[in-house]
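Please read these numbers as outputs of a predicted model, since none were measured by experiment. Ligands are counted one by one from 1 in listed order, and the atoms in each one are counted from 1 as well.
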Amino acid sequence: MAKYSRVSESVGLITLQNPPVNALSAAVRQGIVDTVERALSDPKVKSVVICGQNGIFCGGADIKEFGTNMSGPLLVPMIHAIEAANKPVVAAIEGSALGGGLELALGCHYRIAHSKARLGLPEVTLGLLPAAGGTQRLPRLIGVPAALDLITTGKPLDARRISTYPCPRPSDLDALFEGVMEKVRQSARGAIAPVACVQAVRAAATQPYTQGMEREKELMATLFTSGQARALQYCFFAQRAVSRWSMPNGARWDTSKPRPVHKAAVIGLGTMGRGITVALAQTGLSVIAVETQEKQLMDAKQAVSGMLERGARRRGVAPALDKISYSHDIQAVADVDLVIEAVFEDMGLKKKVFQQLASICRPGTFLCTNTSALDVDHLASQTHNPELVVGMHFFAPAHVMKLLEVVYGPRSSPQAVATAMQLGKKMGKVSVAVGNCPGFVGNRMLKPYMEQAFFLLEEGATPELVDRALEEFGFPMGVFRMSDLSGLDVGWRVRKGDGLAEPGAPSGQPARIRQGRRYSPLGDLLCEQGRFGQKTGQGWYQYNKPGSQVARSDPWLHSFLEGYRAQHGLVARRIDNQEVLDRCLYALINEGFRILEDGIAAGPEDIDMIYVFGYGWPRHRGGPMFYASMVGLGKVLERLEHYHQAHPDVPYLKPCSLLWRLVASGSPPLHKWREVIRKLHSQL
Ligand SMILES: CC(C)(COP(=O)(O)OP(=O)(O)OC[C@H]1O[C@@H](n2cnc3c(N)ncnc32)[C@H](O)[C@@H]1OP(=O)(O)O)[C@@H](O)C(=O)NCCC(=O)NCCSC(=O)/C=C/CCCCCCCCCCCCC(=O)O
């Protein structure tokens with residue numbers, strides 16, 4: 001809606017009213033058309049001001065309308081009519097003016113913004129472009145380079161004084177566009193909207209306004225109906241939906257009250273502990289950072305200070321150095337509100353730390369573990385108050401990565417979950433509440449994905465081939481480059497702990513069958529050679545020196561694979577990109593369905609946001625479960641059955657019962673899956 005009033009006799013004031021962000025729904029657009037018409041036809045009105053209610057100008061087009069049959073006045077002619085008005089129209093901008101909201105302001109004759117206002121064109125992040133004239137008016141207002149930057153990245157900026165504007169003077173327009181196109185193609189990793197944005201601005205720079213508008217419309221029509229736009233808009237809502245968590249026992253976000261956390265402690269200052277300390281201090285909390293090894297404590301102090309200083313320089317604020325006190329004595333955590341344990345990933349060690357914390361901390365202190373896969377409930381059982389224990393699984397580097405898995409055990413209280421979720425939000429994380437099982441959601445799904453990649457090597461693929469297929473799909477790194485980066489020894493340690501990798505495995509069993517199922521010892525064999533990845537200069541690839549990040553193909557690895565195949569009587573066959581994607585992604589997705597079936601994740605959105613924010617799943621593909629719904633559940637099922645028949649000794653390829661159930665119920669859209677899951681649970 002839009003409210004009309006007259007102020008100071010001669011000013012027509014139009015106030016956009018559509019809480020919470022005054023999105024341009026059909027009713028708002030109709031309201032603008034009507035009130036503009038009224039102001040223009042009132043002879044007493046000499047000028048018009050458009051503003052938004054509740055401290056926000058406008059959050060843009062109503063994204064919820066995009067998937068529907070859109071009705072009501074169209075934005076383009078509405079804005080055009082404002083621009084064509086014979087009375088001056090001013091946009092008075094407070095709070096955000098984003099997307100269609102900024103395009104509305106661009107159609108006004110003047111714009112006045114509060115110094116704290118945020119202006120931006122985030123359409124590209126939704127798989128679209130600013131198709132209400134934004135790609136044509138903005139370059140004319142602020143010049144091509146600045147407009148390109150805003151439109152292709154979608155990043156908002158603060159209102160600025162004109163004297164601070166750089167003067168836009170592109171010397172060679174062709175070179176400018178080619179350079180930007182190259183940059184966009186590299187960073188977009190297959191996303192089509194940023195490329196269309198460059199094409200639309202190019203039209204503004206090279207063609208008259210009306211032709212530019214035609215080009216903008218044409219490009220938008222392609223984007224609007226694309227799967228990528230649907231995926232990105234799904235991500236926008238899913239990111240918000242995961243904060244409305246629920247637990248299988250009925251506890252929910254809106255009935256569970258978090259407790260405030262002012263003072264926190266971090267135990268263990270390895271890579272993860274350092275990042276968590278930085279993230280907490282940057283949030284404004286007092287932090288006690290504990291590391292029992294004196295040398296490690298000194299190194300950590302230096303590293304944490306460096307990270308804080310660099311971050312503060314980037315953000316133009318003072319570094320939060322005084323928020324942290326360091327200690328080598330765990331007794332120092334006695335009076336904190338919440339502890340995050342981040343010691344080495346070893347159950348024995350973690351149990352000992354939890355036993356100590358239980359006797360040191362004052363009653364009511366929340367005890368959290370940063371374990372990435374171990375049993376949170378087992379740790380809880382080491383304490384007197386298991387209801388105060390939850391997992392807070394950060395991703396490296398913890399002060400940068402947006403994802404936080406908040407892991408509840410069967411005894412975690414709703415208040416503990418609510419507190420960890422709220423703390424995550426304060427730290428700027430996308431926090432997702434998940435149940436307790438080995439690997440939780442993210443790492444549990446990674447296992448079948450990586451397993452398939454190893455099997456593909458045995459069958460004839462190379463690390464380069466597998467990685468290329470996954471990177472072309474949109475992952476920033478394929479399985480093997482990622483394994484080299486994070487260290488092959490990490491998985492080796494886990495497999496040894498699980499009794500899979502030698503020497504834990506029982507002797508006398510075939511090398512490629514362990515615990516009754518197909519197993520690939522390739523990773524173990526590389527580790528036995530000391531090839532741990534980037535840190536040792538050799539892994540699935542070779543590097544110039546230990547620590548280097550430039551992966552090069554390794555002839556040794558190729559002949560090692562040939563030798564391995566010959567030793568096990570395997571005949572290499574041709575494997576194409578499609579098979580790599582089918583086997584790696586569908587095995588991962590199948591585990592996602594099992595996770596839903598087990599009630600470890602409350603809904604597909606939780607899984608998708610974990611993969612988008614923690615594992616580099618390309619956002620324009622919406623997350624694994626959304627991707628499965630786009631491919632078609634019937635097709636996913638058929639492919640899994642096909643590969644399971646070919647590899648019956650691989651249980652991860654056996655389609656799970658929820659997938660069967662969904663297909664049998666007509667493959668409902670993703671937002672209906674929860675109903676099917678509820679029915680499945682009620683029958684169990
Ligand atoms: C910064 C914000 C605005 C506010 O942030 P914050 O205060 O933190 O609040 P949030 O939690 O984020 O949001 C609160 C709730 O509001 C919901 N919300 C927010 N924005 C929108 C919106 N724009 N629409 C709908 N709902 C919105 C949000 O979901 C929260 O609710 P809930 O918790 O989920 O229940 C921040 O919200 C923000 O950044 N918002 C998004 C801003 C944005 O991306 N704007 C751009 C929108 S796209 C746009 O504007 C496009 C314009 C051009 C349109 C041109 C149309 C032409 C169509 C032509 C089609 C041609 C195709 C032809 C095809 C054919 O031929 O067939």
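- Electrostatic pairing of E94 and K116 does not count as a salt bridge here, judged by no charged N lying under 4.0 Å from a carboxylate O.
- Under the 30°/60° scheme for interplanar angles, the aromatic rings of Y234 and F626 are found to lie parallel.
- Residue P130 places every heavy atom at 4.0 Å or more from ligand 1.
- Other residues, nucleotides and ligands contribute more than 12 heavy atoms inside 6.0 Å of the NE2 atom of H109.
- Salt-bridge check for R678 with E675: failed, with every basic side-chain N at 4.0 Å or more from each acidic carboxylate O.
- Ring pair W245/Y408: centre-to-centre distance not below 6.0 Å.
- For atom 20 (N) of ligand 1, a protein non-hydrogen atom is found at a distance below 4.0 Å.
- If you number the atoms of ligand 1 from 1 as listed, the ones under 4.0 Å from a heavy atom of P122 come out as 43 (C), 44 (O), 45 (N), 46 (C).
- Taking a 4.0 Å cut-off on heavy atoms, L128 fails to register as neighbouring ligand 1.
- Ranking protein heavy atoms by distance to atom 54 (C) of ligand 1, first place goes to L75 CD1, 3.9 Å.
- In the vicinity of L126, heavy-atom distances shorter than 4.0 Å reach the ligand 1 atoms 44 (O), 47 (C), 48 (S).
- Of all atoms in ligand 1, numbered sequentially from 1 with element shown, those under 4.0 Å from a heavy atom of F237 are 29 (O).
- Closest to atom 28 (C) of ligand 1, if we only count protein heavy atoms, is R240 CD, 3.7 Å.
- What sits closest to atom 9 (O) of ligand 1 on the protein, heavy atoms only, is V21 CG1, 4.8 Å.
- For atom 67 (O) of ligand 1, the closest non-hydrogen atom on the protein side is T225 CG2, 4.5 Å.
- If you look at R244 next to ligand 1, the close heavy atoms, those under 4.0 Å, all belong to the side chain.
- Of all atoms in ligand 1, numbered sequentially from 1 with element shown, those under 4.0 Å from a heavy atom of G100 are 49 (C), 50 (O), 52 (C).
- Using a 4.0 Å cut-off between charged nitrogen and carboxylate oxygen, D158 and R118 count as a salt-bridge pair.
- For atom 31 (O) of ligand 1, no protein non-hydrogen atom is found at a distance below 4.0 Å.
- Not a single protein heavy atom sits closer than 4.0 Å to atom 5 (O) of ligand 1.
- Nearest protein heavy-atom neighbour of atom 45 (N) of ligand 1: G59 O, 2.9 Å.
- Within ligand 1, counting atoms from 1 as listed, the ones closer than 4.0 Å to a heavy atom of F236 are 19 (C), 20 (N), 29 (O), 40 (N), 41 (C).
- Using a 4.5 Å heavy-atom cutoff, the side chains of K155 and D149 are not in contact.
- Within a 6.0 Å sphere centred on CZ of R315, other residues, nucleotides and ligands contribute more than 12 heavy atoms.
- Ion pairing between R29 and E65 holds under the 4.0 Å rule for side-chain N and carboxylate O.
- Around CG of L176, the count of heavy atoms belonging to other residues, nucleotides or ligands within 6.0 Å exceeds 12.
- Close approach of ligand 1 to G99 is summarised as follows: ligand atoms under 4.0 Å from at least one heavy atom of the residue are 46 (C), 50 (O).
- Inside a 4.0 Å radius of atom 23 (N) of ligand 1 there is at least one protein heavy atom.
- Around the CZ atom of R202, the shell of radius 6.0 Å holds more than 12 heavy atoms that belong to other residues, nucleotides or ligands.
- For atom 26 (N) of ligand 1, the closest heavy atom belonging to the protein is K64 NZ, 3.9 Å.
- Ring geometry, F395 versus H393: the interplanar angle falls from 30° to 60°, so the pair is classed tilted.
- Other residues, nucleotides and ligands contribute more than 12 heavy atoms inside 6.0 Å of the OH atom of Y209.
- Expressed to the nearest 0.5 Å, how far CG of N22 lies from CG of D62 amounts to 11.5 Å.
- The protein non-hydrogen atom at the shortest distance from atom 66 (O) of ligand 1 is A221 CB, 4.4 Å.
- Using a 4.0 Å cutoff on heavy atoms, E103 counts as a contact of ligand 1.
- Taking each of M220, E123, K217, E218 in turn, the one with a heavy atom nearest to atom 51 (C) of ligand 1 proves to be E123.
- Nearest protein neighbour of atom 15 (C) of ligand 1, counting heavy atoms only, is P20 CG, 3.4 Å.
- When each atom of ligand 1 is checked for a heavy atom of D62 under 4.0 Å away, the hits are 24 (N), 25 (C).
- By the definition of a contact as any protein heavy atom under 4.0 Å away, atom 12 (O) of ligand 1 is in contact.
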- How far apart are the C-alpha atoms of R240 and E605, what are their side-chain angles, what is the distance that settles it, and do they pass the salt bridge (Lys or Arg N to Asp or Glu O under 4.0 Å) test? CA-CA 10 Å; R240 285 153 179 82; E605 297 86 353; over 6 Å; no
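- Of all atoms in ligand 1, listed by their number and element, those nearer than 4.0 Å to a heavy atom of L98 are 1 (C), 3 (C), 39 (O), 42 (C).
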